[in-house]
Undergrad: 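Take a look at the following structure, please.
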Amino acid sequence: MGGIVLRKNLRRHTGISKTRHHRPIVAYLLGALSGFMVGLGGLSGGATTVAGLSMMGLTTFEAAGTTTYVLCAMALVGFMSHLMTSTIAWTAGITLMIGAIIGSILTPLVLTKIDICKLDRPLGIFLGLVIVYFGVKMLVTA
């Protein structure tokens, strides 16, 4: 998934692409894969969602915003499923949640002060590298 995001952001292009490809089959398949990641491994599924949205021509910022609302639904369903079937480390979860809430409030506020056209490509490359890093780390430590 990181490779897809990297490829999209490393290709030479002029400005932010306005071309969007509505591919419902791709969206359904990547959505199912994201849901599988949430249900099986407790992963967010965000990397799959971002990669799919990148393939559909969304900018990094559009993909981030769209992924956020998709993840809300997946997180709620995943939480309810895990609540009924497994153990949850409540203290660790609350601590992480506080940090995540602070970060998710501050980041959009900071982004309103930045020229998104200039930051879109470098941010996309950074996110692609982060996804690749964590994917490799999971494979190595598994």
Side-chain angles (χ1 to χ4, degrees), residues 1-11 13 15-142:
M1 296 303 144
I4 292 169
V5 174
L6 277 173
R7 188 183 71 194
K8 177 201 177 247
N9 286 285
L10 288 174
R11 282 186 291 171
H13 60 83
I16 294 177
S17 172
K18 300 284 186 211
T19 306
R20 291 207 172 82
H21 309 285
H22 184 65
R23 299 178 183 163
I25 299 298
V26 172
Y28 288 129
L29 292 174
L30 290 171
L33 181 58
S34 296
F36 181 69
M37 292 168 67
V38 170
L40 180 66
L43 304 171
S44 72
T48 309
T49 307
V50 168
L53 293 170
S54 292
M55 288 169 44
M56 291 182 208
L58 273 69
T59 67
T60 302
F61 290 101
E62 290 171 324
T66 305
T67 298
T68 300
Y69 95 85
V70 171
L71 291 179
C72 285
M74 283 196 308
L76 181 60
V77 171
F79 171 68
M80 299 304 276
S81 299
H82 284 285
L83 187 62
M84 292 185 280
T85 61
S86 65
T87 307
I88 296 174
W90 294 100
T91 305
I94 288 171
T95 308
L96 287 167
M97 206 179 315
I98 290 169
I101 289 169
I102 292 169
S104 63
I105 290 170
L106 293 179
T107 302
L109 295 174
V110 169
L111 290 177
T112 61
K113 311 275 187 239
I114 296 172
D115 182 5
I116 346 180
C117 293
K118 291 181 182 173
L119 190 61
D120 187 64
R121 187 172 184 214
L123 180 63
I125 293 168
F126 174 74
L127 289 176
L129 289 172
V130 168
I131 294 167
V132 168
Y133 170 76
F134 282 113
V136 169
K137 185 173 170 117
M138 286 177 63
L139 286 173
V140 171
T141 58

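Remember, it's a predicted structure, so these values are computed and weren't measured experimentally.
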Undergrad: Counting only pairs under 3.5 Å, give me each side-chain donor-acceptor contact of residues 98-107, with atom names and distances, residues two or more places apart or in other chains.
TA:
residue: S104; atom: OG; partner: A100; partner atom: O; Å: 3.0
residue: S104; atom: OG; partner: I101; partner atom: O; Å: 3.0
residue: T107; atom: OG1; partner: G103; partner atom: O; Å: 2.7

Undergrad: Please output the side-chain donor-acceptor pairs of residues 68-77 that fall under 3.5 Å, not counting sequence neighbours, one pair per line with the distance.
TA:
residue: T68; atom: OG1; partner: A64; partner atom: O; Å: 2.8

Undergrad: Using the side chain to side chain contact (heavy atoms under 4.5 Å, CB included) criterion, which residues pair with I88? Sequence neighbours excluded.
TA: F79, L83, W90

Undergrad: Can you name the side-chain hydrogen bond (donor to acceptor under 3.5 Å, both in side chains) partners of T67, sequence neighbours left out?
TA: none

Undergrad: List for me each residue that meets side chain to side chain contact (heavy atoms under 4.5 Å, CB included) alongside Y28, sequence neighbours excluded, and say none if there are none.
TA: P24

Undergrad: For L29, what residues pass the side chain to side chain contact (heavy atoms under 4.5 Å, CB included) criterion, not counting sequence neighbours?
TA: I25

Undergrad: Listed by chain and number, what are the side chain to side chain contact (heavy atoms under 4.5 Å, CB included) partners of Y133, not counting sequence neighbours?
TA: K137

